[in-house]
Amino acid sequence: MRFDIVFMPELPEVETIRKDLEGAIVGAIITDIWTDTPKMLSPSFKSVKAESVGKKIVAVKRRAKVLMIDLEGGKCLLIHLKLSGRILLRKPLTKEDIYTHIKIILKLKDGSPLEFRFCDLRKFGYVKLANDEELKKVREGLGPEPLDDLTLEYFQKTLAKSGKPVKTLLMDQEKFSGIGNIYANEAFFAAKVLPMRPAKSLSAEESEKLFNGVSKVIKEGLDNRGTTAKDDFYLDAFGRAGNNESNLKVYQKNGTDCLVCKGKIQRVNLGGRGTFFCPNCQH
DNA sequence: CTAGGTGCCTGATTGC
DNA sequence: TGCAATCAGGCACCTA
């Protein structure tokens, strides 16, 4: 078990963190920011600090996999966890997370007795003080939210226009959004469709099944507060694991028996990503 | 426009 | 044994 390597937060994980944060830090004032990795802050550590310290947090929103911290006065911090990012709310001066790669700390007061710790082993994540263009890109440049805005019509039209492997297209954040490797693999199993098929080769019936599969697995993930899988170690903002692992049918299960047909789950590389499927159930 | 490649980063794994 | 090369992974950015 690699307990602190990759967490891969997707929509259900980021939304779970968002809810945790909303209940805990809205109303708090950022009193200081610390980092040992200034590269993770943009446009610069100095500007993030200058625009954030002294400001009250008025809302915590989410768009796709991006967290949006709205500050009093209209500025917004965009936070992306990428592969290995984690946010932990901890009491100041505790050493609970000393081995968990703390990179950025927002110190808070008034409404929150907690420190906001951004931990990230890979350092791929970021905290970005968004300008208007970046804000617009996040709000309008990403694909529709799978549970709120995604329609079957758009889904089928978008698939019909592309010859890319359908899983690669589903994970394209500009066409769709919030779907990462775990939920993509599970959606294809639910739909009984092979992820390497060219997107436009899916029949209307198959693409509708996939549409429903996406909705099903994202909802399950949300209801279970995210997936903490075998080789991952996603935690919510209070350090609790998600409960969705028992719903996984194929992700990281290569070599094991399919739960439906007793065939063997296979793994292939698709667009540089591990792709898991049952060659018997999925066509 | 799309398709493909690379860089970011670190720890586990594999190769010699 | 020890050390170097390889790999995974979301996404930005680059080139053809």
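From a predicted model like this one, the values you see are computed outputs, not experimental measurements. Proteins get letters first, then strands, A, B, ... in listed order; numbering begins at 1 in each.
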Specify the separation, in whole Å, of atom CD of A/Gln252 and atom P of C/dG9.
8 Å

Please step through side chain to side chain donor-acceptor pair (under 3.5 Å) for the pair A/Ser84 and A/Asp120, ending with a clear verdict.
CA-CA 5 Å; A/Ser84 58; A/Asp120 191 352; 2.4 Å; yes

Write out a two-atom table: protein N or O, nucleotide N or O from nucleotides 11-16 of chain C, distance below 3.5 Å.
unit_1, atom_1, unit_2, atom_2, d
C/dC11, OP1, A/His80, NE2, 2.7
C/dC11, OP2, A/Lys65, NZ, 3.1

In this structure, which one of A/Leu259, A/Thr256, A/Asn280, A/Asp257 forms a side-chain contact (heavy atoms from CB on, under 4.5 Å) with A/Ile265?
A/Thr256

Show the distances under 3.5 angstrom between N or O atoms of the protein and N or O atoms of nucleotides 1-5 of chain B.
none

A/Thr275 vs A/Lys167, side chain to side chain donor-acceptor pair (under 3.5 Å): CA-CA, chis, key distance, verdict:
CA-CA 9 Å; A/Thr275 299; A/Lys167 172 162 172 275; 2.9 Å; yes

OP1 or OP2 of B/dT10 under 4.0 Å from side-chain N/O of A/Lys123
yes

Quick check: does any side chain N or O of A/Glu15 sit under 3.5 Å from a backbone N or O of A/Leu222, one acting as donor and the other as acceptor?
no

Using a heavy-atom cut-off of under 4.0 Å over every strand shown, decide if A/Asn181 touches base, sugar-phosphate, or nothing.
sugar-phosphate

Whether A/Phe124 stacks on the six-membered ring of C/dG9 base, 5.5 Å and 30° limits:
no

Considering the options A/Gln266, A/Lys253, A/Gln252, which one meets the side-chain contact (heavy atoms from CB on, under 4.5 Å) requirement together with A/Phe276?
A/Gln252

Can you tell me how far C1' of C/dG10 sits from CD of A/Glu13, to the nearest Å?
14 Å

Select base, sugar-phosphate, or nothing to describe what A/Gly272 touches, counting heavy atoms under 4.0 Å on all strands.
nothing

Without decimals, in angstroms, what is the distance between A/Leu83 CG and B/dC9 C1'?
9 Å

For A/Met40 and C/dG10, give me the distance from atom CE to atom C1', rounded to whole Å.
14 Å

For A/Lys19, is the NZ atom crowded, meaning more than 12 foreign heavy atoms sit under 6.0 Å from it?
yes

Pick from A/Val260, A/Val250, A/Val193: which one makes a side-chain contact (heavy atoms from CB on, under 4.5 Å) with A/Cys281?
A/Val260

